[in-house]
Every structure is written in structure tokens, then in C-alpha cells.
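To start, the structure under review is shown below, and the notes come after it.
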Amino acid sequence: MRDLPLFPVTTVGSWPRSPEMQRALARKQRGQLAAEEFDRIADAAVLEALRAQEAAGCDIVTDGEQRRDNFYSFVAEKLDGVRLMSLAEMLDVVEDKEGFRRILDTLDVPAFSISNPTCVGRIRRRQPLAADEYAFLRRHTDRPIKVPLPGPYILTRAMWVKEVTRAVYATKEDLGDDVVAVLREEAFALRDAGVDFIQFDEPVLTEIVFTQGQTRTFMCAALAARKDPAEELEFAVDLVNRVVKGLDGVRTGVHVCRGNWSRNEETLLRGSYRPLVPYLERMQVRQLVLEYATPRAGDLVAVPGKELGLGVVNPRTAEVEPPGAIVARVREALLQVPADRIFLNPDCGFGTFASRPMNAPEIARAKLQSVSQAAAQLRSEDPQATKSC
Ligand SMILES: [Zn+2]
């Protein structure tokens, strides 16, 4: 692993896609764009996202997830046994049509922009999920690279549409076994290729504790939750731990937020991470990448033994947080977490869903620049600043 300064600056993963990139993704999905033409557009978009992060002072860069339609459903084209289903198709197959309509009503997401990666056959990794994305990025930067992957829990829950999946897997747990196998294969390939940081995205964990199984707010996992939140969280911990077992030589992390589908803060979930701590603590990853830039996240809750990817800017607002405010936030965190365990990042991606960027690239860049300035100030004040971690 490459050396890092104190308070390394990074992103959570996605970067806003340009209108051209959005069109290319849509045309590819409809089979109207040849792979070479898609790659030409995507390669350019990745390089633009990369240069923006470098210019803004990111110590760990990502490819901005430019080639993905969103952070989890992109796996459908890489795996055997998974098919993207539109909401209309889903409504056709699900038994509880009223319940499903209610979920759609509570969402502030354009329904046409979402398709669900549904398990319709045995799951198998036909091509890499992200190893090719990494290989391209590695050729164009010397900086440490983070690769975000959907976590095993969100994937299992999204893919399990019992009306169609039961014909292939008897239970959600059986499907989970194959999801774990696929993610392990990918994670070990990424580690062997030299990736610095693998982040598993598990945003739905907050939904389990905040809604106590009552309402479904994340489309991406709308259907398949158990009624008992504790049981569901145990299932998530077990899946994550099975994916990372023996995965040494690479930094691993889990990202948990409260949704990033709307700029309307009122529709996003609210609540402290506190009820999740007993579960997060047992996840065998090095870092927890958490949102703390809005009051919705509650007070900072340290998770013993873990690095903290501290969310210090809101990816959804136009206003750029000044470096001074970020420094103050980090000082608060330093009361609970040692300096060499704090990374700085936005609360979530700047473009979680391709067709709904949460911000303009200029603002994303300005926000990261502000984070970098804060990091520089903190390093200059800290006697350990030159020590790499
Ligand atoms: Zn997030």
C-alpha cells in the first residue's frame, strides 16, 4: 500500500456524469452504442473526473464511477443470472402490488431512471465488476486508488425478488452465498492488481434501523427486508465478513449513509449511527466511511478500532463549506478518534445515479479543494504530520 499523509482527502466514489456520458450510458443500455464508442466517451469522462480530483488535491482518487449507471445496478451486465428490470416489469411480477406502489410514492426519484438488478438465474462473475475500471485508472495516475463496490448486503437484497428468484435460489441466504463468492473473487482480483482501497457501499443499513422495517425508502432494496431489524443487521455483518475474510494487503472500508437520491433533505433519512455501532464494530473492515456533514447524521459516534472516513462536505448543496468550518469539524472528531485514523471525504458521491447528478462538477471540485485546504492546515498544526500511515 502506498504511503498517505495525515487526514488523507478522498471521495466516496461517484463524480457527476456529463450530459454526453449520461446519453452514452442510456444508449449502451438500449443496445444502441458499440462498446468501442462507449469506451471512447467513458475514458475521456474518467480522465476528466480524475484530473478534477487531482487538481482539487485528493490524496486517494477514484474513477468517478463514470462507466456505471449507478453504484450497484451496473453489476447486471457483468454477472450471469442478473437482469435489469424496469419498475413497470417489477410491478407486473410482485405479489404485493399495493405495497410496491406505496414505496414508489414515498420516493423522490424519477421512476424511469431506476431499474432493479434482479436475480433470474445462478449468479456468476462473467467479467470483472471493477478490475478493468481500476486498470484504466492506474495507467493514468500515480496516486493511490479507491474502488467502490456494492456491498454484499445491498446486492443480495436488491437482487432477491422472490417471485422470480425463488425458482433459482430457495432462500435469500442461498443467493447471499453466491453474492459473497462473486464479491470475494472481485475483491481478491483488485487486491492482486494493486488497488489501495476497496470500499463496500451499504447505504441501506441505516434504513433498517431508522424505519424498523416499517417503510421502505430505498428503491434499491425495496422488497426483501425481514421484519426484525436485528436479524437483518446480523445477516449484513455476516455477509460483509465472509467477503473480506483473508483479504489482507489492501485497505477495506464500508460506506453507510442515509441516501443520496435527492437534494431535498426532508426526503432523506435522519438519525444517529449509534444503533448501528454494535454491528459496524464487528465488520472486519479497516474503515467506516460515514456522513457527518449534515445535522441529519446526529452526533459523531466513534466505532472502536476503526478508521473514520469523516464526511465533511454535503455533496448535494451549492454552497461550498469553508476550510475553517471543516477544520473545526475535524477537531471535534479528534476528541474521539486519533489523527492517524481520520480520512476526509464528502458525505456521499456527487453522482450516485447517473441520470441525477447531485452537483455540478465545478462545485464538487470546489468542495474537495476546500477539504484539501482544511487538511493542509490540520497537517501543519500536527507534529505527526510528516508521518505516513
Ligand atoms: Zn452514500
Side-chain angles (χ1 to χ4, degrees), residues 10-54 58 60-80 82-84 113-117 125-141 143 145-151 154-155 158-159 182-183 185-187 189-190 193-201 203 220 255 260-261 315 348-359 361 364:
T10 186
T11 68
V12 169
S14 60
W15 192 257
R17 280 83 159 179
S18 66
E20 188 187 16
M21 191 64 238
Q22 291 181 43
R23 271 195 302 276
L25 283 159
R27 289 182 61 207
K28 190 181 76 163
Q29 221 166 67
R30 291 196 297 265
Q32 296 168 344
L33 192 63
E36 305 75 52
E37 181 61 5
F38 177 81
D39 282 341
R40 190 187 61 76
I41 295 166
D43 288 356
V46 168
L47 291 181
E48 204 167 306
L50 170 64
R51 299 304 170 222
Q53 292 169 73
E54 288 179 336
C58 282
I60 306 170
V61 294
T62 74
D63 86 335
E65 301 180 18
Q66 297 293 297
R67 299 171 207 274
R68 308 179 179 184
D69 57 339
N70 71 46
F71 70 104
Y72 71 104
S73 66
F74 75 97
V75 303
E77 63 177 282
K78 320 261 184 179
L79 299 177
D80 284 336
V82 184
R83 189 166 74 76
L84 281 182
S113 74
I114 292 191
S115 300
N116 187 64
R125 181 173 170 265
R126 187 174 58 233
Q127 26 171 309
L129 303 180
D132 45 353
E133 295 175 352
Y134 168 72
F136 177 80
L137 197 62
R138 183 76 290 161
R139 286 203 297 279
H140 295 279
T141 184
R143 298 201 191 189
I145 291 176
K146 178 198 267 194
V147 172
L149 288 175
I154 192 175
L155 273 189
M159 284 183 191
V182 160
L183 285 176
E185 210 182 320
E186 184 69 25
L190 286 167
V195 168
D196 299 86
F197 190 163
I198 302 174
Q199 171 189 293
F200 295 96
D201 294 328
C220 43
H255 167 59
N260 194 39
W261 64 82
C348 193
F350 287 107
T352 300
F353 295 91
S355 54
R356 181 172 260 217
M358 282 298 127
N359 235 317

Would you say the side-chain atoms of Glu20 pair up with the backbone N or O of Ile41, donor to acceptor, closer than 3.5 Å? no
Short side-chain to backbone donor-acceptor contact, Asn116 and Ala158, under 3.5 Å: yes
d(Asn70 CG, Leu25 CG) to nearest 0.5 Å is 10.0 Å
So Met358 and Pro16, do their side chains get closer than 4.5 Å, heavy atoms only? no
Ignoring hydrogens, what is the shortest heavy-atom contact between Leu33 and Ala24? Give both atom names and the distance. CD2-O, 3.6 Å
Restricting to side chain to side chain donor-acceptor pair (under 3.5 Å), what partner residues turn up for Arg139, sequence neighbours left out? none
For the pair Leu155 and Val182, evaluate side-chain contact (heavy atoms from CB on, under 4.5 Å) and give the outcome as yes or no after the intermediate values. CA-CA 11 Å; Leu155 273 189; Val182 160; over 6 Å; no
Could you tell me which residues satisfy salt bridge (charged side-chain N to carboxylate O under 4.0 Å, His left out) with Asp80, sequence neighbours excluded, listed by chain and number? Arg124, Arg126
Atom CH2 in Trp15, atom CG in Leu50: separation rounded to 0.5 Å? 10.5 Å
I'd like to check the salt bridge (charged side-chain N to carboxylate O under 4.0 Å, His left out) partners of Arg23; sequence neighbours left out, ordered by chain and number. none
Whether Glu54 and Arg51 form a salt bridge (side-chain N of Lys/Arg under 4.0 Å from carboxylate O of Asp/Glu) is what I want to check. yes
Just by distance, do the side chain of Asp201 and the backbone of Pro150 share a donor-acceptor pair under 3.5 Å? no
CD (Gln66) and CZ (Arg17) are apart, to the nearest 0.5 Å, by 6.0 Å
Any donor-acceptor N/O pair, Gln53 side chain to Val61 backbone, under 3.5 Å: no
Which atoms form the tightest heavy-atom contact between Cys348 and Val12, and what is the distance? C-CB, 3.6 Å
Using 0.5 Å steps for rounding, measure from the CG atom of Leu137 to the CG atom of Leu47. 8.0 Å
What is the distance from atom CD of Gln199 to atom OG1 of Thr11, rounded to the nearest 0.5 Å? 8.0 Å
Evaluate whether atom CD of Glu185 has more than 12 neighbouring non-hydrogen atoms of other residues, nucleotides or ligands under 6.0 angstrom away. yes
Filter on salt bridge (Lys or Arg N to Asp or Glu O under 4.0 Å), then keep only pairs touching residues 24-34, sequence neighbours left out; what's left? Lys28-Glu77
Apply ring-ring contact (aromatic ring centres under 6.0 Å, His included) to Phe136 and list each qualifying residue two or more places apart in sequence or on a separate chain. His140
Residue pair Tyr134, Lys146: steps toward the side-chain contact (heavy atoms from CB on, under 4.5 Å) verdict: CA-CA 9 Å; Tyr134 168 72; Lys146 178 198 267 194; over 6 Å; no
Does any pair with a residue in residues 63-76 pass salt bridge (Lys or Arg N to Asp or Glu O under 4.0 Å), and if so which ones, sequence neighbours excluded? Asp39-Arg67, Asp43-Arg67, Arg68-Glu133
